[in-house]
Amino acid sequence: MRVIPSSAKALKTQSAHRVTVTGEALRTGIDIVQVSRVAESIQCFGARFLNRLFTSAEIAYAQSSAAQCNDRLAARFAAKEAALKALDLCHEAVNWRELEVCRDADGSCRLQLHGRAAALVAARGASQLSLSMSHEADYATAVVVWLRKDAGSPALPPLFAITPSPP
Amino acid sequence: MNSEPDLERQIRDVLKAHARLNSDVEGLAATADLYQSGMTSHASVNVMLALEGAFDVEFPDHMLKRNVFNSIQSIRQAVAELTA
């Protein structure tokens, strides 16, 4: 399949990481975490580290595999930090547990906002969040994309038109 | 109650142990930006937890902001508020 931008004119680049389409805003956040340092934090601070950063569901999933526990926790912490950047919440008083990484039955992960984080984002208008995580060796990383539609803006055509590949 | 010099001494000790800065903590000005000095978001979590242990406090949600842990001075103000 080929993906063709429906209107290049609709894109206005405002900064290296932010592209605004009329009536909408697109922000990204990314973070990378060293898995061995997460292991060190758990060794040093124990349950305090886990319970401060992660929900019980996140901890339960991570601990369901002893071999992958630290990888999963590191990726989830990276996801929370990426979300804080994408959602422009770094200077707000938001608890990490309010940015929960939920794993669906098909293995895909998404962000679920709670409490103050959810309220702050909701106040900024209808929006969509997309999350992707990865880990290899001693590093875990996550990227979050936030697509926000300004309140009061008319519905817009999709950014891209998808056409079948030529024969 | 800790005196200000004692408070700052303990904070510097915590930073030395947990902040993973790219420069010597002893030489850092109290207003120096710790993030610009190499403290990552993960290290700031460790610093927070270590401060809680050192001072027997818990940072409430309203203090979970980047600027609270931005400098030795801002940390000192936060800890002083929590231990008052």
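This is a predicted model, so every value here is computed, not measured. Chain identifiers are assigned alphabetically (A, B, ...) following the order of the sequence lines, protein sequences preceding nucleic acid strands; residue numbering begins at 1 within each chain.
In this structure, CG in A:Asn95 is found 6.0 Å from CG in B:Leu64, a value given to the nearest 0.5 Å. Distance check: A:Cys44 SG to B:Leu49 CG gives 8.5 Å after rounding to the nearest 0.5 Å. Interatomic distance, CG of B:Asp61 versus CZ of A:Arg116, reported as 9.0 Å (0.5 Å rounding).
A continuous path of ILVMFWY side-chain contacts below 4.5 Å connects B:Leu82 to B:Ile11, so both sit in one hydrophobic cluster. Follow the hydrophobic side-chain contacts under 4.5 Å out from A:Val101 and you never reach A:Ile30; the two are in separate clusters. Hydrophobic clustering places A:Val94 together with A:Trp96 (ILVMFWY residues linked when any side-chain heavy atoms are closer than 4.5 Å, directly or through intermediates). Using a 4.5 Å cut-off between side-chain heavy atoms of Ile, Leu, Val, Met, Phe, Trp and Tyr, with links allowed through other members, A:Val35 and A:Tyr61 fall into different hydrophobic clusters. Residues B:Phe69 and B:Met63 share a single hydrophobic cluster, defined by chaining ILVMFWY side chains whose heavy atoms lie under 4.5 Å apart.
Residues A:Cys90 and B:Lys65 have side chains not in contact (no heavy-atom distance under 4.5 Å, counting atoms from C-beta outward). With a 4.5 Å cut-off on side-chain heavy atoms, B:His42 and A:Arg37 count as touching. Within the 4.5 Å cutoff, the side chain of A:Phe45 has no heavy atoms near those of the B:Val45 side chain. A:Asp31 places a side-chain heavy atom less than 4.5 Å from the side chain of B:Ser41.
With a threshold of 4.5 angstrom between heavy atoms, B:Ala50 approaches chain A through its backbone and through its side chain. Using a 4.5 Å cut-off between heavy atoms, A:Phe49 contacts chain B through both its backbone and its side chain. Of the two parts of A:Val33, only the side chain, counted from C-beta on, holds a non-hydrogen atom closer than 4.5 Å to a non-hydrogen atom of chain B. Only the side chain of A:Leu53 comes within contact range of chain B, with heavy atoms under 4.5 Å apart.
Within 6.0 Å of atom CG in B:Asp56, 12 or fewer heavy atoms from other residues, nucleotides or ligands are found, so the atom counts as exposed in its surroundings. Other residues, nucleotides and ligands contribute more than 12 heavy atoms inside 6.0 Å of the CD atom of B:Glu26.
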### Task
Give the intermediate values and the outcome of salt bridge (charged side-chain N to carboxylate O under 4.0 Å, His left out) for residues A:Arg52 and B:Glu52.
CA-CA 12 Å; A:Arg52 208 59 187 278; B:Glu52 291 183 334; 2.7 Å; yes
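Look at B:Arg20 and A:Glu40 and you find a salt bridge, because one of the NZ, NE, NH1 or NH2 atoms lies within 4.0 Å of a carboxylate O, short of that distance.
Most heavy-atom pairs under 4.5 Å with chain B, from the set A:Glu92, A:Glu98, A:Arg48: that is A:Arg48.
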